[in-house]
Amino acid sequence: MSEQKTMWNQSKVEDFQDSLLTWYDQEKRLLPWREDTNPYRVWVSEIMLQQTQVATVIPYFYRFMEWFPTIQELAEAPEEKLLKAWEGLGYYSRVRNMQKAAQMMVEDFGGQMPDTITDIMSLKGIGPYTGGAIASIAFNLAEPAIDGNVMRVYSRLFCIADDIAQAKSRKVFDQVVRETMSQVRPGDFNQALMDLGSNICNPTAPKCDECPLKDYCQAYTEQRQTAFPVKTKKVKAVPVYYIGLVVKNQLGDYYMVQRPSDGLLANLWTFPLVEVSADEYAAMKKAWQVYLKTCQIEEAEITKISLFDRVAEETADDYLLEVNKRLIDNLPKQADVIWQTQPAGEVTHLFSHRKWHILVAYGQSIEENSRLFDLSGTWIAESEFQRYPFPKPQEKMLDILVKKGY
DNA sequence: AATTCGGGGTT
DNA sequence: AACCCAGAATT
């Protein structure tokens, strides 16, 4: 779109910086990673804060620093402990990349965070934003740290109409921020922009009357605050349908599998998930809803667990009403597992690009130890859950069982 | 340049 | 529901 020049003289730039920094000195949020500028703490906080709200990060930050007090200990940590530290935070490759970066620091940088922007940016998982944040906050280098907040603030300050969803727009903002940022207190300047973007210059209802930069803001002057930033919208999440296979054995252990080392929720643990078509899923859910409705009319006659083999052979009409035939047909056949004839519940979970729908099937295994459904899973006792990293959909499936009293 | 990576909060 | 968030790696 447009090449943006600030057209501010040196005096105006300095006044602008003073206004922002003075406001920051008075209003800055007290956050655990702001107690000092230790590069390790700054790094951990910045990785956690990628696409993640401050309030969410705080407890994770404390626990992470407790579990991995030094770069060396992070470099040597077992993966399951890493993932457990990240459980529920999302974007799990962040913590895997952090460990790789920690190992790079041990090997190439004396076990320390390097102190030049080039070396910092060479580390796994550290891109332009995070590199600039670490360089400026931990080492007082005059590097911009351009995230969604900063692009929103600057798009309003200078009425920059470039689409912030486009990668090429980043360099437009990079140039303007470099021209206007404090060379004396770059770390505080960058953090001030973040606090401003979070507390004042927010997306939908900016509090311009409280803003220390309103005298410098072109959008405010023109009363076009909500016209910025310009951002094209995202594509809708693609639906995916599963049956969740929840099997408990005589000891009360659950059968779980570890997800593949690549892709979504890599290496995390869940109940086995069997993908089904949208049509199959709709049929199973429909039969279930009809059943629930019927049960209410008949005052909640609970369907008992039935042997799979027996269910499959059953043909009597009054029995079929209780049996979700499509569900049973889609369940793996194994002689020592008996299944509930209706789903135990439904879980939905929205990711950035996928929407999972899971019908939860509940079964019991007669054998205490056996390999189920030709999957390389593991029987896990509830007392061992703290050792395994679970994603949110897994938590939701477990919640259903707990509420049902299974 | 577009897609793939989670999950929670706000409106 | 749609949108946002202290984004980076991969394709």
Taking only the side-chain nitrogens and oxygens of His353(A), find out if one of them lies under 4.0 Å from OP1 or OP2 of dT4(B).
no
Reckon Gln53(A) has a side-chain N or O less than 4.0 Å from the OP1 or OP2 of dG9(B)?
no
Carboxylate-amine/guanidinium proximity below 4.0 Å for Lys392(A) and Glu395(A):
yes
Please confirm whether the shortest side-chain N or O distance from Gln166(A) to OP1 or OP2 of dA2(B) is below 4.0 Å.
yes
Just N and O in the side chain of Thr130(A): are any of them under 4.0 Å from OP1 or OP2 of dA8(C)?
yes
Is the distance from OP1 or OP2 of dA1(C) to the nearest side-chain N or O of Lys236(A) less than 4.0 Å?
no
Would you classify Gly263(A) as touching base, sugar-phosphate or nothing, given that sugar-phosphate means primed atoms plus P, OP1 and OP2, and contacts are heavy atoms under 4.0 Å?
sugar-phosphate
To the nearest Å, how far apart are Ile126(A) CD1 and dA9(C) P?
9 Å
Does the pair Asp195(A)/Lys28(A) count as a salt bridge with the N-to-O cut at 4.0 Å?
no
Between dG7(B) and Lys396(A), is there an OP1 or OP2 to side-chain N/O distance shorter than 4.0 Å?
no
Under 4.0 Å from OP1 or OP2 of dA9(C): is there any side-chain N or O of Tyr91(A) that close?
no
Aromatic ring proximity, centroids under 6.0 angstrom, Tyr406(A) and Tyr362(A)
yes
